[in-house]
Amino acid sequence: MRKLLLLAGSIYLALIFLMPKEELFYTLETFLKDQKVMIVKESIKDRLFDLKIKDVKLFYDGIETAQIDNITVKPWLFYNSVVAKNLSSGKDIKKMFDFKGEYVRLVQAFWHPFVAKIEAKGNFGKIWGKIFLKEGKIKLICEPEKSFKRSQIFRELFKKRDEGYVYESVIK
């Protein structure tokens with residue numbers, strides 16, 4: 001029994017270490033191009049357990065929407081996460097929506113294969129919620145900062161409900 005567990009653990013670690021993380025990222029970039037999303041990065045590094053991407057700029061339909069200092073991707077098969085740290089609005093939307101985020105965390109685990117949890121914190125307040133992958137829906141709840149609560153974008157996106165300020169959408 002001990003040998004079987006050792007073998008299973010070794011295979012699991014080998015899968016994580018040898019997984020072509022950079023190639024998976026480039027495949028994701030290809031899929032995102034169909035959605036008009038482009039990722040421009042300064043560097044990308046496979047660090048055995050995770051993938052580290054630095055100095056990222058996100059573009060949607062040619063508009064620079066966000067700048068991110070670093071992104072860490074942990075594809076551990078049973079528990080996968082993406083953490084983006086030090087986010088700010090891109091130069092093209094800064095006048096309309098100026099935000100600074102400490103982090104955005106997206107987690108998906110095998111015990112809930114069709115649900116990804118999301119949480120974020122920044123000058124906008126705290127946001128948490130779920131992305132329902134099978135249905136293609138997203139539901140976010142925001143605990144906004146006072147200054148963010150007064151912004152036009154917040155009032156358009158988040159609706160006041162019993163559980164707080166809620167944003168719901170369908171992902172195509």
Side-chain angles (χ1 to χ4, degrees), residues 20-46 50-75 80-108 112-145 147-161 164-172:
K21 296 172 199 71
E22 286 184 39
E23 287 76 12
L24 290 171
F25 176 76
Y26 292 127
T27 302
L28 173 66
E29 276 187 324
T30 304
F31 285 119
L32 289 176
K33 282 183 184 175
D34 294 339
Q35 303 297 318
K36 300 180 184 178
V37 176
M38 191 170 80
I39 301 171
V40 177
K41 70 234 163 267
E42 185 70 31
S43 68
I44 183 168
K45 185 175 181 183
D46 184 346
D50 61 12
L51 184 69
K52 188 79 152 188
I53 309 161
K54 292 191 175 193
D55 297 325
V56 177
K57 291 183 182 181
L58 287 177
F59 291 85
Y60 177 74
D61 202 15
I63 298 170
E64 184 181 327
T65 55
Q67 297 176 351
I68 306 167
D69 281 352
N70 66 66
I71 299 173
T72 305
V73 181
K74 296 179 182 173
N80 305 298
S81 71
V82 177
V83 178
K85 291 185 179 177
N86 299 323
L87 300 93
S88 62
S89 51
K91 64 177 180 144
D92 295 335
I93 67 162
K94 196 168 267 197
K95 289 180 183 174
M96 184 175 74
F97 181 51
D98 190 17
F99 68 88
K100 291 190 183 342
E102 291 177 34
Y103 69 88
V104 174
R105 181 179 300 125
L106 186 66
V107 175
Q108 185 274 330
H112 294 292
F114 300 112
V115 176
K117 292 183 180 181
I118 188 167
E119 65 178 79
K121 183 179 179 187
N123 67 348
F124 44 81
K126 292 180 182 178
I127 295 177
W128 64 93
K130 294 179 180 179
I131 301 172
F132 301 94
L133 303 170
K134 197 171 189 179
E135 295 90 12
K137 294 181 182 179
I138 184 170
K139 182 178 181 181
L140 301 175
I141 300 171
C142 183
E143 188 178 292
E145 294 288 328
S147 61
F148 186 64
K149 198 185 230 183
R150 292 188 296 260
S151 78
Q152 176 75 21
I153 294 219
F154 177 76
R155 290 193 308 264
E156 288 177 12
L157 295 176
F158 288 87
K159 305 301 177 204
K160 178 76 171 146
R161 300 227 178 107
Y165 291 94
V166 177
Y167 169 79
E168 292 181 300
S169 181
V170 175
I171 303 169
K172 295 179 182 180

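As the structure is a prediction and not an experimental result, all values here were calculated from the model.
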Looking only at heavy atoms, what is the nearest atom pair of [X] and [Y], with distance?
X    : Y    : answer
I71  : V56  : CD1-CG2, 3.9 Å
Q35  : Y60  : O-CE1, 3.4 Å
K149 : R155 : O-CG, 3.9 Å
A116 : Q108 : CB-CB, 4.4 Å
I153 : F97  : CD1-CB, 3.8 Å
T65  : I93  : O-CD1, 3.2 Å

I need the [X] [atom1] to [Y] [atom2] distance, nearest 0.5 Å.
X    : Y    : atom1 : atom2 : result
I44  : K52  : CD1   : NZ    : 12.5 Å
E119 : L106 : CD    : CG    : 10.0 Å
F154 : C142 : CZ    : SG    : 4.5 Å
Q152 : M96  : CD    : CE    : 10.5 Å
K41  : I68  : NZ    : CD1   : 12.5 Å
K45  : K21  : NZ    : NZ    : 12.5 Å

Donor-acceptor pairs under 3.5 angstrom involving side-chain atoms of residues 120-139: please list them, not counting sequence neighbours.
unit_1 : atom_1 : unit_2 : atom_2 : d
N123   : OD1    : K100   : N      : 3.0
K139   : NZ     : E163   : OE1    : 3.4
K139   : NZ     : E163   : OE2    : 3.1

Tell me whether K95 contacts the main-chain N or O of D92 through its side chain, where contact means a donor paired with an acceptor under 3.5 Å. no
Any sub-3.5 Å donor-acceptor pair from S151's side-chain atoms to S147's backbone N or O?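 Absent.
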Parallel, tilted or perpendicular: rings of Y167 and F158 (30°, 60°): tilted
Audit row: E29, Y26, side-chain contact (heavy atoms from CB on, under 4.5 Å) steps and yes/no: CA-CA 5 Å; E29 276 187 324; Y26 292 127; 3.2 Å; yes
Are V73 and F25 close enough, and set up right, to give a side-chain contact (heavy atoms from CB on, under 4.5 Å), and what steps lead you there? CA-CA 9 Å; V73 181; F25 176 76; 5.7 Å; no
Decide if atom NZ of K94 counts as having more than 12 heavy atoms of other residues, nucleotides or ligands within a radius under 6.0 Å.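 Atom NZ in K94 is packed in, count exceeds 12.
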Determine whether more than 12 heavy atoms belonging to other residues, nucleotides or ligands lie under 6.0 Å from atom NZ of K159. yes
Kindly indicate, with the supporting measurements, whether the criterion salt bridge (Lys or Arg N to Asp or Glu O under 4.0 Å) is fulfilled by K54 and E42. CA-CA 6 Å; K54 292 191 175 193; E42 185 70 31; over 6 Å; no
Going by side chain to side chain contact (heavy atoms under 4.5 Å, CB included), K85 matches just one of N70, V104, D69. Which one?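 Going through the options one by one, the only one that passes is N70.
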Exactly one of I39, L87, I63 should register a side chain to side chain contact (heavy atoms under 4.5 Å, CB included) with L58. Which one does?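 Output: one option passes, namely I39.
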